[in-house]
Amino acid sequence: MAIPRQLPNAITVIRIPLAIVFFVLLLLGGRYGETDIALRWVAAALFVLAISTDWVDGYLARKYDIVSDFGKLWDPIADKLLTGAGFIGLAILDEVWWWVVIVILIREWGITAHRLVVAKEHVVAAAWMGKIKTAVQGVALAWALLPLHLLIGLDAWTLVTAVLMGIVLVLTLASGADYVRAQVRGSRAHASGSQAPHDER
Ligand SMILES: O=P(O)(O)OC[C@H](O)CO
């Protein structure tokens, strides 16, 4: 069975408006959902739905062999808009430390800026470590967004959230360093005339 060639890219692009709606609902729900707990549940559910599409678009593109440069470029951007909305929203609500969010955002948008700058020459596809990092960010944000303190108590929930954010921070920086390493190796290989590591991904 064939699928429309543009379906994976359409799924990628849909993440962008979903990220905006999610961000607004999250803020309207208030800190820990204290202003409106129903809105917090809806925002969290919307986030889980949107981040799940990250797996779906990649799966469809690979299965039907319709991986495109558009997808390679826009999939990470859509991911960053969605996870960025989650991190910034939680920081505004004072549920996650700002410094953690800022460090994560610098890494995410630094790599994205590099991707955009070199896009005319070649597309830097997501590396396996970047994909794992995004998946772990999704799990950590889903945990932090779902108002699970209602079930397990605020202390246990905030402790687990802090541990998860610590893991996310380390993984985000490590995967950023992975891109920098690949870039340096690529420049050296280019200078010596062999194939750049980026192209092997
Ligand atoms: O860390 P990046 O920029 O390679 O992004 C990875 C993508 O979000 C994976 O889907």
Side-chain angles (χ1 to χ4, degrees), residues 3 6-20 22-23 46-90 96 100-145 164-187 196-201:
I3 60 164
Q6 289 306 325
L7 184 60
N9 290 343
I11 295 173
T12 299
V13 171
I14 282 172
R15 272 207 296 290
I16 298 172
L18 285 182
I20 297 168
F22 150 70
F23 185 66
L46 196 59
F47 175 83
V48 172
L49 173 76
I51 198 75
S52 310
T53 67
D54 183 30
W55 180 80
V56 177
D57 56 8
Y59 171 78
L60 289 176
R62 281 188 300 273
K63 179 171 164 62
Y64 292 96
D65 198 18
I66 45 179
V67 174
S68 64
D69 281 352
F70 179 93
K72 285 185 197 168
L73 191 64
W74 279 92
D75 175 77
I77 293 177
D79 290 350
K80 281 159 198 7
L81 290 171
L82 179 62
T83 55
F87 285 123
I88 293 172
L90 288 171
V96 169
V100 172
V101 172
I102 288 168
V103 172
I104 290 172
L105 291 180
I106 290 173
R107 177 284 188 213
E108 297 293 347
W109 290 98
I111 298 297
T112 302
H114 168 70
R115 227 181 229 126
L116 291 171
V117 167
V118 300
K120 273 197 178 144
E121 294 149 31
H122 69 283
V123 176
V124 181
W128 66 269
M129 208 171 168
K131 289 182 188 177
I132 292 174
K133 172 269 306 175
T134 303
V136 174
Q137 285 183 352
V139 171
L141 282 168
W143 171 273
L145 289 163
L164 286 173
M165 289 301 159
I167 294 171
V168 162
L169 185 64
V170 171
L171 207 49
T172 303
L173 290 175
S175 65
D178 184 46
Y179 280 107
V180 174
R181 232 185 351 256
Q183 179 61 29
V184 171
R185 271 207 314 265
S187 318
H198 281 319
D199 301 335
E200 294 160 13
R201 287 183 172 164

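All ligand and atom numbering here is 1-based and tracks the order in the structure.
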Closest non-hydrogen atom pair between Val168 and Phe87, with its separation: CG1-CZ, 3.9 Å
Part of Asp54 within contact of ligand 1 (heavy atoms, under 4.0 Å): side chain
Under 3.5 Å: donor-acceptor pair, side chain of Thr53, backbone of Val56: no
Gap separating the OG1 atom of Thr83 from the CD1 atom of Ile104, nearest 0.5 angstrom: 8.5 Å
Approximate separation, where rounding is to 0.5 Å, of Arg107 CZ and Ser175 OG: 3.5 Å
Where Ala140 and Met165 come nearest, the two heavy atoms and their spacing: O-CE, 4.0 Å
Under 4.0 Å to a heavy atom of Lys133 - the qualifying atoms of ligand 1, by number: 1 (O), 2 (P), 5 (O)
4.0 Å heavy-atom contact, Lys72 with ligand 1: no
Minimal non-hydrogen separation, Leu145 against Leu90, with atom names: CD2-CD2, 4.0 Å
Ligand-side contact atoms (ligand 1) for residue partner Arg115, heavy atom cut-off under 4.0 Å: 2 (P), 3 (O), 4 (O)
Side chain, backbone, both or neither: Gln137 near ligand 1, heavy atoms under 4.0 Å: neither
Spacing of Thr12 atom OG1 and Trp74 atom CH2 [to the nearest 0.5 Å]: 10.5 Å
Close-contact set for ligand 1 against Gly130 heavy atoms, below 4.0 Å: 1 (O), 6 (C)
Protein heavy-atom partner closest to atom 4 (O) of ligand 1 - residue, atom, separation in Å: Tyr179 OH, 2.1 Å
Sub-3.5 Å N/O-N/O distance, Glu108 and ligand 1: no
Pairwise distance NZ(Lys131) to CG(Asp54) - rounded to 0.5 angstrom: 9.0 Å
Within-shell test, Lys80 vs ligand 1, heavy atom, strictly < 4.0 Å: yes
Close-contact set for ligand 1 against Asp79 heavy atoms, below 4.0 Å: 7 (C), 8 (O), 9 (C), 10 (O)
Atom 6 (C) of ligand 1 - nearest protein heavy atom and its distance: Thr134 OG1, 3.5 Å
